[in-house]
Protein chains: 2
Amino acid sequence: MTDKADGQIMIPEEEKRLESQLCFAVYSAAHAFNRAYKPILDRVGLTYPQYLVMLVLWEKGALSVKTIGEKLDLDSGTLSPLLKRLEQAGLISRARDPKDERQVIISLTEKGTDMKCQVGMIMDAIGQATGCDMAEMANLRDRLQQLKANLAAD
Amino acid sequence: MTDKADGQIMIPEEEKRLESQLCFAVYSAAHAFNRAYKPILDRVGLTYPQYLVMLVLWEKGALSVKTIGEKLDLDSGTLSPLLKRLEQAGLISRARDPKDERQVIISLTEKGTDMKCQVGMIMDAIGQATGCDMAEMANLRDRLQQLKANLAAD
DNA sequence: CACGATTTAATCGTGCGCAATATTTATTTT
DNA sequence: AAAATAAATATTGCGCACGATTAAATCGTG
C-alpha cells in the first residue's frame, strides 16, 4: 500500500490481483472439499452442512438453534429447513425450551447418536485426501481462521 | 498414518479431527470472503460467481461455456442460468459458434467491457480486508491450490 | 454413407446461503 | 398493567452448486 501526497490510499494492481486470486483459491478449495466429502456422506444420507450440525451436536449435546448458528456461522434461514430435514430423517428432535418458549432446543435421537460411530468409521475411508501432514493441516487451519477473523472485522 | 500388521490402514483420531477442522476452516473462510465482497459487488449488481465469470471474460475475451466452466470449475447446470442473468443484465451476449453449433460463445457487450474499470475502482474500497501482506496471500493461495489438486486427485 | 458414440448446452430437482419479513415470546418502559 | 421494544425462530424469494436427464451437433468406424 502506498500513501500518496493527497492522502488518498492506493492499492497496487498486483495486490488487488493477489486478493482476487486468494479469494478464488478459497472458494475453489471449498468446492473441492465438498466434492471429496460428498460420496462419503452420501452413504449415510447427509449433506456437508447437515454433517456439520451433527458434529456440533455430537460434541456438545442438545443446543438451541441460535447456538448452532453461532458455531457454524449460519442463520435461521439456512438452519430452519436444514433442521427440518434432519428431523424428517429421524436424526434429531426439536422442542421449545420450557424456560423460554422462544428457543427451540435441538437434541439427538437415538438414531442420530448412533450415527456418530457409523460416520466416524466411514470417514476413515477418506484417507489423507488433503495430502497434507498434520503440521501443514494445523497451520493452514490457523491461517484460514485468522483470515476469516480479519475479513469479519471489516 | 500407521500401517497395522493386518495391512489395514488406520488414521489416528487426531488426524481425522484436523482434517475436519481444516475442511470447516475452508468452508467458513469462503463464506467470510463472500460476505466481504457482497456489499462491494452489490453496487454493480453482480454476485460473486457472476463476478468470476466477468473476470475470466475481461482477461480472455470471448469464450465457450465449456471453457468458462473449466476455468471456474463449474458445470452447465450452474453456468447456463447464471449466464442468462448476465445476458439479461446486458453485460454479455451469447451466440452459437458457426464452426461448431454445439458450442455457445459468450462475449462481452460494450456495457460488460466498460464495467471492468468501474469494478476495478470499487474493488479498491475493499482495501486490505484480508489483513495479509502480499507474500502471505501468495503463500496461502499456492497452498490452497495444492490442497485442491490433492483433493481432486482422490 | 450410416449409425452408434461422444461432446456441448440446457433443463429439472434438491439443498444450501442469505436478505428481508413475519410471528411468537420475553423483557423493559411508562 | 399496558404499550413499546427486543429476542428467537420461521417463512419467502432469489441465486448458486450439482447430479441426472435431455436434445442437438459432431465424430468415428465399419
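Note: hydrogens, waters and symmetry copies are ignored here, and every other heavy atom, side chains too, is used. Lettering of chains follows the sequences in order, A, B, ..., and the numbering in each one begins at 1. Fair warning: this is a prediction, and the values are worked out from it, not measured in the lab.
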In whole angstrom, give the distance that lies between atom [atom1] of [X] and atom [atom2] of [N].
X: B:Asn34; N: D:dG15; atom1: CG; atom2: C1'; answer: 11 Å
X: B:Leu86; N: D:dG15; atom1: CG; atom2: C1'; answer: 12 Å
X: A:Arg94; N: D:dA8; atom1: CZ; atom2: P; answer: 17 Å

Polar side chain donor-acceptor pair, [X] to [Y], under 3.5 angstrom:
X: A:Gln118; Y: A:Asp114; result: no
X: A:Asp142; Y: A:Gln146; result: no
X: B:Arg143; Y: A:Asn139; result: yes

- Task: Answer yes when B:Glu87 and B:Arg94 have at least one side-chain N-carboxylate O distance shorter than 4.0 Å, and no when they do not.
- Result: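 Yes.
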
- Message: Taking B:Lys66 first and then B:Asp75, would you say they form a salt bridge - that is, a charged N and a carboxylate O separated by under 4.0 Å?
- Response: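 Salt bridge: no.
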
- Message: Any side-chain N or O of A:Tyr27 below 4.0 angstrom from OP1/OP2 of D:dA17?
- Response: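 Checking A:Tyr27 against D:dA17: at least one side-chain N or O falls below 4.0 Å of OP1 or OP2.
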
What does the list of N/O pairs under 3.5 Å between the protein and nucleotides 20-26 of chain D look like, with a distance for each?
from: D:dT26; atom 1: OP1; to: B:Glu101; atom 2: N; distance (Å): 3.2

- Using side-chain hydrogen bond (donor to acceptor under 3.5 Å, both in side chains) as the criterion, list what pairs up with B:Arg102, not counting sequence neighbours.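 B:Asp100.
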
- Any sub-3.5 Å donor-acceptor pair from A:Gln50's side-chain atoms to A:Thr47's backbone N or O?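 Checked: pair present.
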
What pair of heavy atoms forms the shortest contact from [X] to [Y], and how long is it?
X: B:Ile105; Y: B:Ala62; answer: CG2-CB, 3.9 Å
X: A:Ala29; Y: B:Leu151; answer: O-CD1, 4.4 Å
X: B:Leu46; Y: B:Tyr51; answer: CD1-CA, 4.2 Å
X: B:Ser76; Y: B:Pro81; answer: O-CD, 4.0 Å
X: B:Ala32; Y: A:Lys148; answer: CB-CG, 3.7 Å
X: A:Ala30; Y: B:Tyr27; answer: CB-CA, 4.4 Å

- Pull out every residue in residues 45-60 of chain B that has a heavy atom closer than 4.0 Å to any atom of DNA chain C, ordered by number, or say none.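 Of all residues in residues 45-60 of chain B, none places a heavy atom under 4.0 Å from DNA chain C.
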
- Task: Report the distance from atom CZ of B:Arg141 to atom CD of A:Gln21, rounding to the nearest 0.5 Å.
- Result: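 One gets 4.5 Å once the value is rounded to the nearest 0.5 Å.
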
- Item | Inter-residue atom distance A:Lys116.NZ - A:Thr113.OG1, 0.5 Å rounding |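 One gets 9.5 Å once the value is rounded to the nearest 0.5 Å.
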
- Item | Range on DNA chain C touched by chain B, heavy atoms, distance below 4.0 Å |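 Nucleotide range in contact with chain B: C:dT7 to C:dC18.
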
- Message: Quick check on DNA chain D: between A:Lys38 and A:Arg96, whose nearest nucleotide comes earlier from the 5' end?
- Response: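 The residue closer to the strand's 5' end, by nearest nucleotide, is A:Arg96.
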
- Message: Assuming nearest nucleotide by heavy-atom distance, tell me which of A:Arg35 and A:Gln103 is located more 5' along DNA chain D.
- Response: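 With A:Arg35 and A:Gln103 compared, the 5'-side residue is A:Gln103.
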
- Item | Residues in contact with DNA chain D, drawn from residues 78-85 of chain A - heavy-atom cutoff 4.0 Å |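 Under 4.0 Å from DNA chain D: A:Ser80, A:Lys84.
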
- Query: What does the inter-axis angle of the helix from C:dC1-D:dG30 to C:dT30-D:dA1 come out as, five pairs per end, nearest 10 degrees?
  - Reply: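 Taking the rotation axis at each end, their angle is 10°.
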
- Message: By nearest heavy atom, map B:Glu70 and B:Ala32 onto DNA chain C; which one lands nearer the 5' end?
- Response: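 Comparing both residues, the 5'-ward one is B:Glu70.
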
